[in-house]
Amino acid sequence: MIYVTGDTHGSIDIRKLLENQVTDQMSEEDYLIICGDFGLIWNYKKEIRKERKWLEWLNKRPWTTLFCDGNHECFPRLYSYPESEWHGGKVHVIRDKVLHLMRGEIFEIEGNSIFVMGGASSHDRGPLKGDTEIVQGKSWWPEEIPSDEEMENGLKNLKAHNNQVDYIITHCLPTTYQDIVKRGEFPADKATDYLETISQTVAYKHWYSGHYHVNIDVIDKISVVFSRIIKIGDTIMESETMLGIPKFRKGDAVLFRHEGEEMMGTIKEVWPWGPFFKHDEPYYGVTPFDDEPKKPFQVKETDIIEKSLII
C-alpha cells in the first residue's frame with residue numbers, strides 16, 4: 001500500500017509518523033510519500049546528530065519512506081547523495097529505506113505511475129522577505145525553484161507516458177489552485193506556473209501537494225496534505241479519522257450535521273483526542289452561521305461533511 005502525508009519539517013512535524021492507527025499497521029510492503037519539506041537534510045555544513053537520529057529512526061521503520069523536496073531543504077547536501085535508478089525513476093539514496101524522489105521523474109510503484117516534481121518558493125525567508133544575502137547558503141537556497149533542465153526533464157518524461165499518469169506528487173500547487181487555497185496571498189511563480197501547464201495538459205487520477213499546512217480537498221482530484229496520512233487514491237474527506245490528528249483546524253468554515261440538520265458554521269475549538277469520555281475521534285466546537293450568537297455545538301469529525309473555502 002502507498003500512503004501520502006505532508007511536510008515533516010525535520011523533527012518539528014515528524015511526530016505524526018509516531019504510533020498511530022495508520023503507521024502501526026504499516027508493513028515492509030508499504031510506502032510512505034512525504035509531499036516536500038522533508039527537512040532532515042537541513043544543516044548547511046553536515047549531517048548533525050538530530051538529523052542522523054531521525055534518519056536512522058525512519059530507516060528502521062517497516063515501511064519505505066519516499067519524499068519529494070520542498071523549499072525547506074539544504075539543496076547542495078541533498079543533491080550530493082548517491083543517485084540511483086529506482087522503480088523506473090531517479091532517486092537520491094539518503095538511507096536504504098529513505099529515498100528522495102528526484103524532480104520530473106515518473107515512478108512505477110505497485111502498478112501505479114507517479115509523477116513527482118518538488119520545489120516551491122519560500123514565503124518565510126529569501127527574496128520574498130528581502131533577506132536573501134543573510135540567509136542564502138544557510139537556511140535558503142535558490143535551488144528551491146526547479147531549474148529549466150528539471151522542468152524539461154519532467155515534460156519529456158510525461159510525453160513518453162503520453163501525458164497520462166495515475167498520480168502527481170508536488171510540494172506546491174498549480175497557480176489556479178494555490179490562489180484558491182491562499183486567496184491570492186502567495187504570488188504565482190515559475191514553479192506554480194509550470195504546474196499550471198501540467199494540470200491543463202496531463203491526465204491523472206489524483207494530485208497531492210504539501211506546502212500550505214492544511215488538510216483540504218481543493219477539488220475532487222486535488223488534495224493538500226499536512227498532518228493526515230492517507231492512502232493514495234483517497235481524498236482528505238475519504239480518509240479515515242485519526243485520533244490526535246484532526247482534519248480541520250480552528251477558524252475553518254465547515255458544512256456539518258447537527259441533530260439531523262445540515263448547517264454551516266465556524267470551528268472555534270478543536271479536541272484532537274476527543275472530549276472527556278469520548279476518546280474515539282477528533283471533536284470540534286462549531287458555532288453556526290446565524291444572526292444570533294450561539295454556544296458552539298460539539299461536533300465529531302465524522303459529522304463534518306466538508307470544509308468551505310469561502311467564509
Side-chain angles (χ1 to χ4, degrees), residues 1-26 30-40 54 57-58 61 63 65-73 118 120 123-124 169-173 177-178 181-182 206-218 222-254 256 266-275 279-286 299-309:
M1 180 64 68
I2 306 170
Y3 295 85
V4 181
T5 191
D7 317 16
T8 45
H9 301 121
S11 61
I12 298 172
D13 290 304
I14 203 169
R15 61 185 180 276
K16 65 188 149 206
L17 306 186
L18 302 178
E19 294 179 4
N20 62 56
Q21 301 101 299
V22 178
T23 56
D24 282 356
Q25 298 175 17
M26 291 170 65
D30 295 325
Y31 302 89
L32 175 66
I33 302 177
I34 299 169
C35 295
D37 278 5
F38 179 60
L40 285 174
W54 284 108
W57 181 84
L58 283 173
R61 296 310 94 195
W63 67 84
T65 299
L66 313 170
F67 69 95
C68 76
D69 54 271
N71 51 294
H72 289 149
E73 327 284 0
H123 297 270
D124 59 347
I169 301 288
T170 62
H171 187 52
C172 61
L173 288 169
Y177 301 109
Q178 177 174 268
V181 174
K182 297 304 295 182
H206 208 89
W207 186 315
Y208 299 94
S209 88
H211 194 41
Y212 305 101
H213 299 185
V214 293
N215 303 291
I216 60 169
D217 298 315
V218 188
I222 298 180
S223 299
V224 179
V225 192
F226 181 42
S227 58
R228 306 292 296 177
I229 305 172
I230 66 178
K231 294 177 182 178
I232 202 164
D234 284 355
T235 63
I236 296 294
M237 290 304 299
E238 289 172 338
S239 64
E240 298 177 8
T241 61
M242 292 178 63
L243 195 62
I245 305 182
K247 292 182 181 179
F248 309 98
R249 62 181 181 174
K250 189 182 294 186
D252 284 349
V254 294
F256 65 100
T266 303
I267 294 176
K268 299 295 184 181
E269 297 178 80
V270 181
W271 297 289
W273 300 97
H279 299 296
D280 54 348
E281 62 177 293
Y283 275 68
Y284 304 86
V286 185
V299 181
K300 58 185 178 180
E301 189 165 277
T302 49
D303 280 339
I304 295 182
I305 301 167
E306 64 181 4
K307 175 182 174 181
S308 172
L309 290 173

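Residues: numbered from 1 along the sequence shown.
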Ser223 (side chain) donor-acceptor with Asp217 (main chain) under 3.5 angstrom: no
Taking the side chain as everything from C-beta on, heavy atoms only, tell me whether His9 gets closer than 4.5 Å to His213. yes
Is there a side-chain contact between Thr235 and His206 in this structure, where contact means two heavy atoms from C-beta onward sitting under 4.5 Å apart? yes
Scanning both residues in full, the closest heavy-atom pair of Asn71 with Asp37 reads N-OD1, 2.9 Å
Less than 4.5 Å apart, any side-chain heavy atom of Leu58 and any of Phe38? yes
To the nearest 0.5 Å, tell me how far Phe248 CZ sits from Ile267 CD1. 6.5 Å
Considering non-hydrogen atoms only, spot the tightest contact between Asp30 and Gln25 and give its length. OD2-O, 4.2 Å
Separation between CE of Met1 and CE of Met26, rounded to the nearest 0.5 Å: 10.0 Å
Check whether any side-chain N or O of Asp7 sits under 3.5 Å from a backbone N or O of Phe226 as a donor-acceptor pair, and report yes or no. no
Look up atom CE in Met242 and atom CD in Glu301, then write down how far apart they are to the nearest 0.5 Å. 10.0 Å
Do the non-hydrogen side-chain atoms of Thr8 and Leu40 ever get within less than 4.5 Å of each other? no
With sequence neighbours left out, what residues match Trp271 under side-chain contact (heavy atoms from CB on, under 4.5 Å)? Glu269, Tyr283, Gln298
Looking at every non-hydrogen atom in both residues, tell me the closest pair between Gly39 and Glu73 and how far apart they are. N-OE1, 3.0 Å
With heavy-atom distances below 4.5 Å as the criterion, would you say the side chains of Val224 and Tyr177 are in contact? no
Report the C-alpha separation of Asp69 and His171 in whole Å, then their side-chain angles, then the decisive distance to 0.1 Å, and conclude whether the side-chain contact (heavy atoms from CB on, under 4.5 Å) test is met. CA-CA 7 Å; Asp69 54 271; His171 187 52; over 6 Å; no
Val225 versus Tyr3: any side-chain heavy-atom pair under 4.5 Å? no
Hey, does the side chain of Thr5 reach the backbone of Arg228 with a donor-acceptor pair shorter than 3.5 angstrom? yes
Val299 to Phe256 - nearest heavy-atom pair and separation: CG2-CD1, 3.8 Å
Atom CD1 in Ile34, atom CG in Leu17: separation rounded to 0.5 Å? 5.5 Å
Looking just at side-chain N and O atoms, do Asn215 and Ser227 make a donor-acceptor pair shorter than 3.5 Å? yes
Is it true that Asp252 and Lys250 have a side-chain N and a carboxylate O under 4.0 angstrom from each other? no
Taking the side chain as every heavy atom from C-beta outward, state whether His211 and Lys182 have any atom pair closer than 4.5 Å. no
Counting only heavy atoms not in Lys300 (residues, nucleotides, ligands), do more than 12 fall under 6.0 Å from its NZ? no
Heavy-atom distance under 4.5 Å between the side chains of Tyr208 and Ile33, does that happen here? no
Could you tell me whether the side chain of Lys307 and the main chain of Lys247 form a donor-acceptor pair under 3.5 Å? no
Compare every heavy atom of Pro282 with every heavy atom of Gly244, then report the nearest pair and how far apart it is. N-CG, 4.5 Å
Distance-minimising heavy-atom pair for Ile169 and Cys68: CG2-SG, 4.2 Å
Report the distance from atom CD1 of Ile216 to atom CD1 of Ile236, rounding to the nearest 0.5 Å. 8.5 Å
Under 3.5 Å, is there a donor-acceptor pair between the His72 and Asp124 side chains? yes
SG (Cys172) and OH (Tyr212) are apart, to the nearest 0.5 Å, by 5.0 Å
